[in-house]
There are 2 protein chains.
Amino acid sequence: MDPVTFAKALADDTRQAIMKQLCCVWLSVSDIVDGLDGRVNQPTVSHHLKKLEEAGLVDVRKEGRQRLYTLNQERLTMCCGLLIETFAPDYHGAYIPVEEIE
Amino acid sequence: MDPVTFAKALADDTRQAIMKQLCCVWLSVSDIVDGLDGRVNQPTVSHHLKKLEEAGLVDVRKEGRQRLYTLNQERLTMCCGLLIETFAPDYHGAYIPVEEIE
DNA sequence: TTGACATATTGACGACTATCGATATAATAG
DNA sequence: CTATTATATCGATAGTCGTCAATATGTCAA
């Protein structure tokens, strides 16, 4: 996964707010919209979910007429590992075992 | 450090190319411009260095009429640790010891 | 002080993107 | 089949951002 694509997916307040909501739970689009409490409306949330999905940062599951989303923690961890491997080689071995990440 | 600011600093091809050059070495602005091999010119590099500096991702040192930059690997590692702590709690303990990062 | 070099800043322009309202698509209930 | 609910897509708009040419600032040499 390209580190620039990863960074771009994270480079937005609303998207990170959505990611926080999706951490460890499956939520429908409406749930997310409600959780953002009027900050943005449904089409905007769908737009961000699409971007996150393209970056592989969320998983999707269809349930009835809903689409349930959740955060892909493993993918996120791998991308962070790649960042450290690329830009912080002095810390790479110390903090993140390569063989576990790649 | 705000994860959104961190992500925005990384969310550009040219900026990541500059970061790669600055990994483990001190380079002047002209060195970086040369290293990018005509891709962008000097004002653009200065612009990106300013952004990276504001994000705390590079350190600066004055030497004569030059300004030498280098990548702050520790800062980058800390930010990645914060991302994992925030968005991948299931992997946090496993991959990155908190007390070493924060 | 003057000239040359290194870097930063400014202003303009184009590309991208976050957001919205409106609408289309999909799936269920009656 | 029709109505309703859930989500995605479209078109438009405003704001952000990367880039450049031109210029300003700062530093050293002669």
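Excluded from the calculations below are hydrogen atoms, water molecules and symmetry mates; all remaining heavy atoms, backbone and side chain alike, are included. Below, chains carry the letters A, B, ... as their sequence lines are ordered, and counting in each starts from 1.
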Open item on the list: So, does B:R15 get its side chain near the phosphate of D:dC17, meaning an N or O under 4.0 Å from OP1 or OP2?
Closed with: no
Open item on the list: Please confirm whether the shortest side-chain N or O distance from A:Y69 to OP1 or OP2 of D:dA6 is below 4.0 Å.
Closed with: no
- [ ] Spell out, as yes or no, whether a donor-acceptor pair under 3.5 Å connects the side chain of A:S28 to the backbone of A:R67.
- [x] no
Open item on the list: Nearest whole Å is fine: how far is C:dT19 C1' from A:L36 CG?
Closed with: 13 Å
Open item on the list: Using only modelled atom types and a 3.5 angstrom limit, is any donor from either the side chain of A:Q66 or the base of C:dA27 paired with an acceptor on the other?
Closed with: no
- [ ] Measure the distance from NZ on B:K50 to P on D:dC17 and round it to the nearest whole Å.
- [x] 13 Å
TODO: State whether the side chain of B:Q42 and the backbone N or O of B:S30 hold a donor-acceptor pair below 3.5 Å, judged by distance alone.
DONE: no
TODO: Quickly work out the B:L52 CG to C:dA8 C1' distance and round it to whole Å.
DONE: 15 Å
Open item on the list: Return the CD to CG distance between B:Q16 and B:L52, rounded to the nearest 0.5 Å.
Closed with: 10.0 Å
TODO: Look at B:H48 and D:dC17 and indicate whether a side-chain polar atom (N or O) is within less than 4.0 Å of OP1 or OP2.
DONE: no
TODO: Look at A:T14 and C:dT19 and indicate whether a side-chain polar atom (N or O) is within less than 4.0 Å of OP1 or OP2.
DONE: yes
Open item on the list: Whether B:N41 contacts D:dA21 is assessed here as follows: a side-chain N or O lying under 4.0 Å from the phosphate OP1 or OP2. Is that the case?
Closed with: yes
Open item on the list: Can you identify which nucleotide, out of D:dT19, D:dT7, C:dT9, has its nearest atom closest to the B:V40 side chain?
Closed with: D:dT19
Open item on the list: For a quick check, tell me whether the side chain of A:R65 and the base of D:dT5 share a donor-acceptor pair closer than 3.5 Å.
Closed with: yes
- [ ] Measure from the side-chain N and O atoms of A:Q66 to the backbone N and O of A:V29, and report whether any donor-acceptor pair falls under 3.5 Å.
- [x] no
Open item on the list: Determine whether a donor-acceptor pair (one donor, one acceptor, N or O, separation below 3.5 Å) exists between the side chain of A:Q42 and the base of D:dA8.
Closed with: yes
TODO: State the CG-CG distance between A:L22 and A:L57, to the nearest 0.5 angstrom.
DONE: 10.5 Å
TODO: Indicate whether OP1 or OP2 belonging to D:dA6 is found under 4.0 Å from a side-chain N or O atom of A:R67.
DONE: no
TODO: Find the distance B:E54:CD to D:dT16:P and express it as a whole number of Å.
DONE: 15 Å
Task: Under-4.0 Å side-chain N/O to phosphate OP1/OP2 contact, B:S30 with C:dA6 - done: no
Task: Closest nucleotide among C:dT7, C:dA18, C:dC20 to the A:D12 side chain - done: C:dA18
Task: B:K62 or B:K51, whichever maps to the more 5' nucleotide of DNA chain D - done: B:K51
Task: For atom CG of B:L68 and atom C1' of D:dT27, their distance in whole Å - done: 14 Å
- [ ] Would you mind telling me which residue lines up with the more 5' stretch of DNA chain C, A:G64 or A:H47, judged by nearest nucleotide?
- [x] A:H47
- [ ] Specify the residue among A:S46 and B:R39 whose closest nucleotide of DNA chain D lies further upstream toward the 5′ end.
- [x] A:S46
Task: Atom-pair distance (CG on B:L49; C1' on C:dA8), nearest Å - done: 11 Å
